[in-house]
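By convention in this document, chain letters (A, B, ...) are assigned in the order of the sequence lines, proteins followed by strands, and residues within each chain are numbered from 1.
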There are 2 protein chains.
Amino acid sequence: MNNKPKTRMTKQRKAILRVLKNTTIHPTADWIYEQVKKEIPNISLGTIYRNLNVLAKNKDIMVLDYGSTYSRYDGNPENHYHFHCKKCEQVFDLELPCFHDLNEKVNEDTNFKAENHRLEFYGFCPDCR
Amino acid sequence: MNNKPKTRMTKQRKAILRVLKNTTIHPTADWIYEQVKKEIPNISLGTIYRNLNVLAKNKDIMVLDYGSTYSRYDGNPENHYHFHCKKCEQVFDLELPCFHDLNEKVNEDTNFKAENHRLEFYGFCPDCR
DNA sequence: ATTTAACTAGTAATTATTGCTAATAGAAAC
DNA sequence: GTTTCTATTAGCAATAATTACTAGTTAAAT
């Protein structure tokens, strides 16, 4: 038997994915909503949320739900690190290779079995430092 | 001039801090509310939130607002890493020294000025692996 | 072309958290 | 100890992000 849900690529889902893939600002659901509305004026905010959840589950995008009352979304599903500026409050992608040895260190030094990790840096961006 | 707000150690604040210092389960505001109510039955949930925010601002505790619709709180204000079990969904403290060189690596390799970082591991705990 | 279930728009509901206000109570000064 | 001052509280209303619901729609398999 095959229980995997058949996800359809609707025009709404396609538009949401395209908007998210074409920005680096790690937008909120509401920002995405405003952008997609330019193309599909009567799209509903619920549709944005539902599709972001589906896309995240399918590993097409990444949810950044760190340290805030709302989530931000990232069109790059590969693990990478972020930098949060304490002044301008923007979130930047860091051009650093992933430290895979962090997982290994945990697995060597503890009884936990680490499969992945999330690392976020806080400080000042080049413009604000 | 001295503008720092004079924080008072009220019995509510003291109780909240004690409850949080005496657990390792990284509880939610609501869990703390239920515990403190045993001692101060008419305490209000707003008081819990306000004090958790004050205590966090004073660096007496730490807020863990990662990947969830609600925040968890940690009575240990020193930077340390957490492990999220994918099965039992508990959050554990890791007995690992802090990797200070991660900040330095960012500062050497990029134009960002990293002051601190947060690192969370995901996988399976000793009981669930 | 027909069929079917995944999906949508619109709206109501939920949930964690914050805001408001009159009353209370730490703690500093007397 | 008493007074004074203002941070804090209880109780409740308000927010804001997100999810749930439902009747109608549509992608895509047959």
Side-chain angles (χ1 to χ4, degrees), chain A residues 1-20 26-58 60-74 89 91, chain B residues 1-20 26-58 60-74 89 91:
Chain A
M1 67 242 234
N2 178 358
N3 288 341
K4 78 180 130 176
K6 300 137 200 152
T7 55
R8 295 174 182 171
M9 189 48 71
T10 62
K11 74 172 197 284
Q12 290 87 346
R13 184 166 299 163
K14 205 179 293 184
I16 291 165
L17 192 54
R18 179 163 30 72
V19 163
L20 195 48
H26 309 89
T28 62
D30 209 65
W31 187 90
I32 297 166
Y33 178 49
E34 293 303 326
Q35 300 304 309
V36 177
K37 258 207 291 200
K38 292 174 184 170
E39 183 180 342
I40 308 171
N42 69 330
I43 196 168
S44 90
L45 185 54
T47 298
I48 305 290
Y49 276 106
R50 190 167 4 80
N51 277 294
L52 289 171
N53 287 341
V54 169
L55 291 167
K57 192 163 285 178
N58 289 355
D60 292 317
I61 67 171
M62 196 188 283
V63 184
L64 309 178
D65 40 16
Y66 288 79
S68 186
T69 52
Y70 49 85
S71 291
R72 289 166 169 270
Y73 297 87
D74 190 329
E89 301 201 303
V91 179
Chain B
M1 65 246 231
N2 178 357
N3 289 339
K4 79 180 126 174
K6 301 140 200 151
T7 55
R8 295 174 183 170
M9 189 49 69
T10 62
K11 71 173 198 284
Q12 290 86 346
R13 186 166 298 163
K14 205 179 292 183
I16 290 166
L17 192 54
R18 179 163 29 73
V19 163
L20 196 47
H26 308 90
T28 63
D30 210 63
W31 187 90
I32 297 166
Y33 178 47
E34 293 303 326
Q35 300 303 310
V36 177
K37 257 206 294 201
K38 292 173 184 170
E39 184 179 342
I40 308 171
N42 70 330
I43 196 168
S44 89
L45 185 53
T47 298
I48 304 291
Y49 277 108
R50 191 166 4 79
N51 278 293
L52 289 171
N53 287 341
V54 170
L55 291 168
K57 191 163 284 175
N58 290 354
D60 291 317
I61 66 170
M62 196 189 282
V63 184
L64 308 177
D65 39 16
Y66 289 78
S68 187
T69 52
Y70 50 85
S71 291
R72 289 164 169 270
Y73 298 86
D74 191 329
E89 300 200 305
V91 179

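- What you find for B/His26 and B/Leu64 is that their closest heavy atoms are CD2-CD1, 3.5 Å.
- For B/Thr10, whose side chain is taken as the heavy atoms from C-beta onward, the closest listed nucleotide among D/dA27, C/dA27, D/dT9 is D/dT9.
- Residue B/Ile43 is in sugar-phosphate contact alone, with no base atom involved, counting any heavy-atom pair closer than 4.0 Å across all strands shown.
- Listed candidates were D/dT9, D/dG11, C/dT17. Nearest to the side chain of B/Asn51 is D/dT9.
- In this structure, the CG atom of B/Leu52 is 11 Å from the P atom of D/dT9, given to the nearest Å.
- One atom, CG of A/Asp30, and another, C1' of D/dA17, lie 9 Å apart when rounded to the nearest Å.
- Remark: C1' of C/dA16 and CG of B/Asp65 are 13 Å apart, rounded to the nearest angstrom.
- Between the CD1 atom of B/Ile32 and the P atom of C/dA16 there is a distance of 14 Å, rounded to whole Å.
- Looking only at side-chain heavy atoms (C-beta outward), A/Val63 and A/Tyr73 come within less than 4.5 Å of each other.
- Checking the phosphate oxygens (OP1, OP2) of D/dT26, no side-chain nitrogen or oxygen of A/Gln12 falls inside 4.0 Å.
- Inter-residue side-chain proximity for B/Leu20 and B/Asp60 is flagged as unmet; no heavy-atom pair is nearer than 4.5 Å.
- Candidate nucleotides C/dG10, D/dT9, D/dT19 were compared by shortest atom distance to the side chain of A/Asn42, and C/dG10 ranks first.
- Taking 4.5 Å as the limit, every side-chain heavy atom of A/Gln12 sits out of range of all side-chain heavy atoms of A/Arg50.
- Rounded to a whole Å, the CD1 atom of B/Ile48 is 17 Å from the C1' atom of C/dG19.
- The shortest side-chain heavy-atom distance between A/Arg13 and A/Thr7 falls under the 4.5 Å cut-off.
- One distance of note links CG of A/Asn51 with OG1 of A/Thr10; it measures 5.5 Å at 0.5 Å rounding.
- Set against C/dT8, D/dT18, D/dT8, the side chain of B/Arg50 has D/dT8 as its closest nucleotide.
- The side chain of B/Thr47 sits closest to D/dA10 out of D/dA10, D/dA28, C/dT17.
- Heavy-atom nearest nucleotides on DNA chain D were determined for B/Thr69 and for B/Arg13, and the one closer to the 5' end corresponds to B/Arg13.
- Distances from the side chain of B/Tyr70 to the nucleotides D/dG11, D/dT9, C/dA16 place C/dA16 closest.
- Applying the 3.5 Å distance criterion, the base of D/dA28 shares no donor-acceptor pair with the side chain of A/Arg8.
- Distance from the side chain of A/Tyr49 is smallest for D/dT18 among the nucleotides C/dT8, D/dT18, C/dT17.
- Nearest nucleotide to the side chain of B/Ile40, out of C/dA27, D/dA10, C/dT8: D/dA10.
- Backbone-only engagement by B/Asn53 is indicated by non-hydrogen atom pairs under 4.0 Å involving sugar-phosphate atoms exclusively.
- In this structure, the NZ atom of B/Lys57 is 14 Å from the P atom of D/dA7, given to the nearest Å.
- In this structure, the CG atom of A/Leu45 is 15 Å from the P atom of C/dA12, given to the nearest Å.
- Residues A/Gly46 and B/Met9 both approach DNA chain C. Their nearest nucleotides, taken by heavy-atom distance, put A/Gly46 toward the 5′ side.
- Among the atoms of the strands shown, only primed sugar atoms or phosphate atoms (P, OP1, OP2) are found under 4.0 Å from some heavy atom of A/Ser71.
- We find that NZ of A/Lys11 is positioned 13 Å from P of D/dT25, with the value rounded to whole Å.
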